[in-house]
Amino acid sequence: FPVTINGLPFTLNWSGDILTSVVYTLPNSSTITKTLNYTGELLTSVVLSGATPSGIDLTKTLTYVGNDLISVSYS
């Protein structure tokens, strides 16, 4: 069921026990989807799609050495 964060309702989508996406519903009923991508159990990127604001980076990439997060970049 949808819940809210910062006043926006959102829905969590799971694949088993892995969170795969969050869909936010905007006041005009459009949506922004945050997709979480994994390599094994490590979160490797977060991608925004849908009714995103212009001029923002849509992808956050997380880089690891072993299980240690060493950098985060945006594109």
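All residue numbers refer to positions in the sequence shown, counting from 1.
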V65 reachable from L42 in the ILVMFWY side-chain graph, under 4.5 Å edges: no
Hydrophobic cluster membership, Y64 vs V47, 4.5 Å side-chain cutoff: no
Non-hydrogen side-chain atoms of V72 and T61 separated by less than 4.5 Å: no
Any side-chain heavy-atom pair of T44 and L62 under 4.5 Å: no
Min side-chain heavy-atom separation T52-L58 under 4.5 Å: yes
Side-chain heavy atoms of I56 within contact of L48, under 4.5 Å: yes
Any side-chain heavy-atom pair of P27 and L8 under 4.5 Å: yes
Hydrophobic cluster identity match, L43 and W14, side-chain contacts under 4.5 Å: yes
Nearest heavy-atom neighbours spanning F10 and V22: CD1-CG1, 3.7 Å
Interatomic spacing from CG in L36 to CG in L12 - rounded to 0.5 Å: 10.0 Å
Taking every non-hydrogen atom, the tightest pair across Y74 and D57: CB-OD2, 3.3 Å
Pairs satisfying side chain to side chain donor-acceptor pair (under 3.5 Å), at least one member in residues 30-39, at least two apart: Y24-K34, N28-S30, N37-S45
